[in-house]
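Report on the structure given below.
Bear in mind that the values here come from a model prediction, so they are computed numbers and not experimental data. Residue numbers begin at 1 in each chain, while the letters A, B, ... track the order of the sequences.
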Protein chains: 2
Amino acid sequence: MSKTSLIQDYKTACSNCHLRELCLPVGLSPDDLQKLNNIVKTRQPVLKGEKLFTEGDEFNSLFAIHTGFFKTSITATDDGREQVTGFQMTGEIIGLDGIVNDLHTCNAIALEDADVCVLPFENIELLSREFPALQRHMHKIMSREIVRENEVIMLLGTMQAEERLAAFLLNLFQRSHMRGFSKSEIVLRMSRQDIGSYLGITLETVSRTFSKFCDEGIIEIKQRYVRIIKPEALKEIFNPNKSCQ
Amino acid sequence: MSKTSLIQDYKTACSNCHLRELCLPVGLSPDDLQKLNNIVKTRQPVLKGEKLFTEGDEFNSLFAIHTGFFKTSITATDDGREQVTGFQMTGEIIGLDGIVNDLHTCNAIALEDADVCVLPFENIELLSREFPALQRHMHKIMSREIVRENEVIMLLGTMQAEERLAAFLLNLFQRSHMRGFSKSEIVLRMSRQDIGSYLGITLETVSRTFSKFCDEGIIEIKQRYVRIIKPEALKEIFNPNKSCQ
DNA sequence: CGCTTATTTGAATGTCCTCAATCACCGTGG
DNA sequence: CCACGGTGATTGAGGACATTCAAATAAGCG
């Protein structure tokens, strides 16, 4: 075994990856866990601004984000309109949209330098047949994505700008906090344009709404640095009619 | 074997169901196909207006629509806002959102009298481990739902009212036509309120936009009956900048 | 046939968008 | 080190599209 492959084996082994609880928390015995290491083919770097995959690319693998931050987007076939469909961080899986037609139907772009674990889908299906716990986990991951998108649809269908931005911030901070970062401070990895696209509003409205929150003492914001001063106020904006029920 | 169970076996057998190509088109040998019949537990009627499941219900099964038409919706936790997340017709599978937390996270309501096949999820997982073709099919169904929701997000995030309604009509007619119905005529099963909720606009805007399409000779509409006169015009509205690219 | 609900249409209002200018930041090169 | 250009973000003013509120009409259901 070459030195290179030894290093790679070490680097890509799920069994001793500190992200496993986030990424593949299937309850397996230590022996079975070794087999799970076969699920990862390689670790692949993606530089900031680079595309991991694009609409129309052949689908072979899912990707688990080891480090870094991505956005996914789709573009209207005819005019060039872009719609950001999500932001993904450490431990999250991207590429699920590609399974149905063996083609990726969205773009995944790194918003900071990243490393992803390449999970060949054939491996996943093979191992899923062997390990019910892994099978169940894959089903849950897909279902979770469906539920997440349901929530985005709700946001886009019923909320106005301030509510959308409050929901966005709360969600981002919650996920960031789950990964061991501060509950109150964050550095946004995406532009105002990206936020606006995701929330179905213009970048100017994003900026104006941030400023409004700032004036009201709810957040502190300087460019991409955000600090939450009054989380309750954000939750109140997110659920405006709470007291009316 | 009692007469009842014989009838049920006959009624719910996938192997001789005329919808199989729509619902479970997995390439299996006749012998294997017999085993697939075990996937369906029962056939269950749902009357118009009844709920098949509700947010918070325990999740046990997916449902395949045998006959009928459903809407799925979610409601904001605090105020009562409803967001319609989709309309489902014959051959489509509902309930995928429930897998992740073993709880349904949306409501499924019959918009006309319906029959659904109850597919216990444990059966699906068991048979999926045995039949790679079924496993692959289930993955594709979930991925398809993710892609569908991506398209809804695009619609809600970037399109204006006329485009949304054009996209809605084209999608509905296409799916209806795939099931052997007319390419140009349809009877809507849902209210203007439901359409508006799905498209993120008010019922008044739905009505006004229908009237506008009517004035322009693109469609003919009388209450819930719709006839498409100029499908190209609808496609043009859906893709406004086609000629500019 | 009468009641209830769904749909259509109108007028006024409001939220967000568009267009435009200014400002802040970051990296580059002088 | 600082000036410079480019990109990203903020802010303002006017306008457009969709909403809200309201009334009238039509349709479905007992």
From [atom1] of [X] over to [atom2] of [N], roughly how many Å is that when rounded to an integer?
{"X": "B:Q223", "N": "C:dT8", "atom1": "CD", "atom2": "C1'", "answer": "9 Å"}
{"X": "A:I221", "N": "C:dC25", "atom1": "CD1", "atom2": "C1'", "answer": "15 Å"}
{"X": "A:R164", "N": "C:dT15", "atom1": "CZ", "atom2": "P", "answer": "14 Å"}
{"X": "B:Q193", "N": "C:dT8", "atom1": "CD", "atom2": "C1'", "answer": "15 Å"}
{"X": "B:I195", "N": "C:dT8", "atom1": "CD1", "atom2": "C1'", "answer": "14 Å"}
{"X": "B:K48", "N": "C:dA6", "atom1": "NZ", "atom2": "C1'", "answer": "12 Å"}

Of residues 203-214 of chain A, the positions that come close to DNA chain D - non-hydrogen atoms, cut-off under 4.0 Å: A:L203, A:E204, A:S207, A:R208, A:S211

When rounded to the nearest 0.5 angstrom, what is the spacing between [atom1] in [X] and [atom2] in [Y]?
{"X": "A:T85", "Y": "B:I153", "atom1": "OG1", "atom2": "CD1", "value": "6.5 Å"}
{"X": "A:L165", "Y": "A:T209", "atom1": "CG", "atom2": "OG1", "value": "5.5 Å"}
{"X": "B:L52", "Y": "B:L47", "atom1": "CG", "atom2": "CG", "value": "12.0 Å"}

Using a strict threshold of under 4.0 Å (side-chain N to carboxylate O), is an ion pair present between [Y] and [X]?
{"X": "B:K212", "Y": "B:E216", "value": "yes"}
{"X": "A:R144", "Y": "A:E92", "value": "no"}
{"X": "A:E149", "Y": "B:R148", "value": "no"}

Would you grab the first and last nucleotide of DNA chain D (5' to 3') that comes under 4.0 Å of any non-hydrogen atom in chain A?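 In short, chain A contacts DNA chain D from D:dG8 to D:dA13.
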
Under 4.0 angstrom, heavy atoms only, what part of the nucleic acid is A:G196 near: base, sugar-phosphate, or nothing?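 Result for A:G196 = nothing.
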
When you match A:G200 and B:R224 each to their closest nucleotide on DNA chain C, which lands nearer the 5' end?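 Looking at DNA chain C, the more 5' nearest nucleotide goes with B:R224.
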
Output, in order, the C-alpha distance, side-chain angles, deciding distance and verdict of side-chain contact (heavy atoms from CB on, under 4.5 Å) for A:Y198 and A:V152. CA-CA 9 Å; A:Y198 179 58; A:V152 176; 3.5 Å; yes

If we count only N and O atoms by modelled type, under 3.5 Å, do the side chains of B:E82 and B:S73 hold a donor and an acceptor together? yes

Run the ring-centre check on A:F53 versus A:F63 and record whether the distance is less than 6.0 Å. yes

